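Values below: all heavy atoms of this structure, side chains included; hydrogens, waters and symmetry mates excluded. Chain naming here is simple, since letters A, B, ... match the order of the sequence lines and numbering starts at 1 in each. Small disclaimer: the values here were computed from a predicted structure and weren't measured.
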2 protein chains.
Amino acid sequence: MNPESLDTEWVERFPGLSRLEPKTKTLLVQRSTVVIMPEKTVIFGPGKSPENMLFLLSGTVRVQQVSETGHEIVLYRINAGESCVLTTACLLAYDDYSAEGIAESEVQAAAVPRQVFDDLVAQSPSFRNFVFAAFSKRITDLFLVIDEVAFQRMDVRLAHKLIELSKGNHQISTTHQKLSVELGTAREVISRQLQEFQRRGWVAQSRGTVKILDRTKLESLADRD
Amino acid sequence: MNPESLDTEWVERFPGLSRLEPKTKTLLVQRSTVVIMPEKTVIFGPGKSPENMLFLLSGTVRVQQVSETGHEIVLYRINAGESCVLTTACLLAYDDYSAEGIAESEVQAAAVPRQVFDDLVAQSPSFRNFVFAAFSKRITDLFLVIDEVAFQRMDVRLAHKLIELSKGNHQISTTHQKLSVELGTAREVISRQLQEFQRRGWVAQSRGTVKILDRTKLESLADRD
DNA sequence: AACGCTTATGTGACTTTGTCACTGATAGAA
DNA sequence: TTCTATCAGTGACAAAGTCACATAAGCGTT
């Protein structure tokens, strides 16, 4: 994929947008620019409202919240093929809140100016559909987060998160601290849970990495409601 | 306010909609119907997707979630002057989730068919603005709920909720069970916290009611971050 | 190799919150 | 009055969060 074709054809590769009306696609391509941001870029955050809507072509953005108590929790991730409309819209309306978006890897994204976004919503039924579906997905995800934080046991949540973060690999590069932010808990809690998993032979630990030894056992714990 | 003027002029009384283009207002009024639902009506819920978008003219709708574990938590309320677009949109997209909307009092609402809603979004910039602002408000509210559930102490949350539910009155008609659902915790926890508040002379309890004796003290606890 | 520095992890004591299995209390309805 | 449903109180215990540390592992410097 060379930069040339990226500029003109990213819409085709975007799952939710490839079925747009040709006219809409043209508008989207002509009025947007592809940007590349390095890992750890703070894409939006307190006092840093993005002026564009982003459509992620590659990489992932982690959206997390910093509480007034100093605690942190990961709210959700935006993956390639998804857009930031929700968060962006929120920030435009209420820029005094504490969520921030951080590039977890190098990120390629198409930046669409707000005005163009508004035009597209007006013009294209299928674009509207895409936008509302994106909103819906986020909302239901947030409902799920609330449910988990409020009612799920820590061991179940951790098992679930380990499976999720492993993405099929047998090893995860992360620290106890980072895992605690994923789940909105304290590092010590993660340390103890991982020790218990290790004692049971489900995982192996070394500084900065967690190895998954028995995925099946972890999954069966994670699937407990 | 007689039913006649309700049917034709509710848009004018709706904070977010009164500044719409005249053409849009006409469309909204002509293509919607005012409905009245009694208290405790389940407006939407598992297996009960609403076919219309509702604009609440009076009353409140409580949106709560029932976890697979059997636990419940109140997510937010829709008050007069607000709309259900978010929840409705969600339900249309993912009807397999567990949130439900319940009328907390008699509810008057304007029901707008989905097709009309879509047309309005396409036609009217100010309607789009209204819709996206509504989405944004909900999202930021949900972020707040997550923060509270994950990081706030129970006593702080309960004090906050008592102030909120009292709406300036010095007495709240509710049970410990209902309060526990508000905060997504167990009844026993509420009972103990209220006992502590009572011991300190901040509240007085009787079956089914909580009296606020020292609002100032409750507020200062609630304002702790 | 030895040192110091930073970051990561381990641990015990304690508090807060959630769970379970009850008991007792209250207000209506029969 | 007595029955019944709902509401509230309680003690024992488990799970999770907090605090104040102690170790340890990696890494660059000397």
Rounded to whole Å, please give me the gap between [atom1] in [X] and [atom2] in [N].
X      : N      : atom1 : atom2 : value
A:Q152 : C:dT17 : CD    : P     : 20 Å
B:M154 : C:dT19 : CE    : P     : 12 Å
B:L158 : C:dG18 : CG    : P     : 12 Å
B:L179 : C:dG18 : CG    : P     : 14 Å
A:R192 : C:dC14 : CZ    : P     : 14 Å
B:R207 : D:dG9  : CZ    : C1'   : 13 Å
B:L194 : D:dC7  : CG    : C1'   : 13 Å
A:Q177 : D:dG17 : CD    : C1'   : 14 Å

To the nearest 0.5 Å, how far apart are CZ in B:R138 and OG in B:S83?
7.5 Å

More than 12 non-hydrogen atoms from neighbouring residues, nucleotides or ligands closer than 6.0 Å to NE2 on B:H160, yes or no?
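Open.
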
Is it the case that the ring center of B:F117 lies less than 6.0 angstrom away from the ring center of B:F55?
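Ring centroids of B:F55 and B:F117 are no less than 6.0 Å from each other.
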
Would you indicate what A:Q195 reaches in the nucleic acid, counting non-hydrogen atoms under 4.0 angstrom: base, sugar-phosphate, or nothing?
sugar-phosphate

How would you label the contact of A:Q193 with the nucleic acid (heavy atoms, under 4.0 Å): base, sugar-phosphate, or nothing?
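Sugar-phosphate, backbone atoms only, no base.
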
Measure the acute angle between the ring planes of A:F135 and B:F135, then classify it against the limits of 30° and 60° as parallel, tilted or perpendicular.
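The rings of A:F135 and B:F135 stand perpendicular, inter-plane angle above 60°.
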
From the options [options], select the nucleotide whose nearest atom is closest to the side chain of [X].
X      : options               : answer
B:A186 : D:dT18, C:dG18, D:dA8 : C:dG18
B:T175 : D:dC7, C:dC20, D:dT18 : D:dC7
A:H176 : D:dT10, D:dT18, C:dT9 : C:dT9
A:V189 : C:dA21, D:dG17, C:dT9 : D:dG17

Report yes or no: is there a donor-acceptor pair, N or O only, under 3.5 Å between the side chain of A:R187 and the base of D:dG17?
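A donor-acceptor contact between them is absent.
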
Polar side-chain contact A:R153-C:dG18 base: donor and acceptor under 3.5 Å:
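Checked by distance alone, the answer is no.
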
Would you indicate, yes or no, if [N] has its OP1 or OP2 atom less than 4.0 angstrom from a side-chain nitrogen or oxygen of [X]?
X      : N      : value
B:S191 : D:dA8  : no
A:T185 : D:dA16 : no
B:H71  : C:dG18 : no

Heavy-atom pair of closest approach, residues B:E82 and B:R77:
OE1-O, 3.7 Å

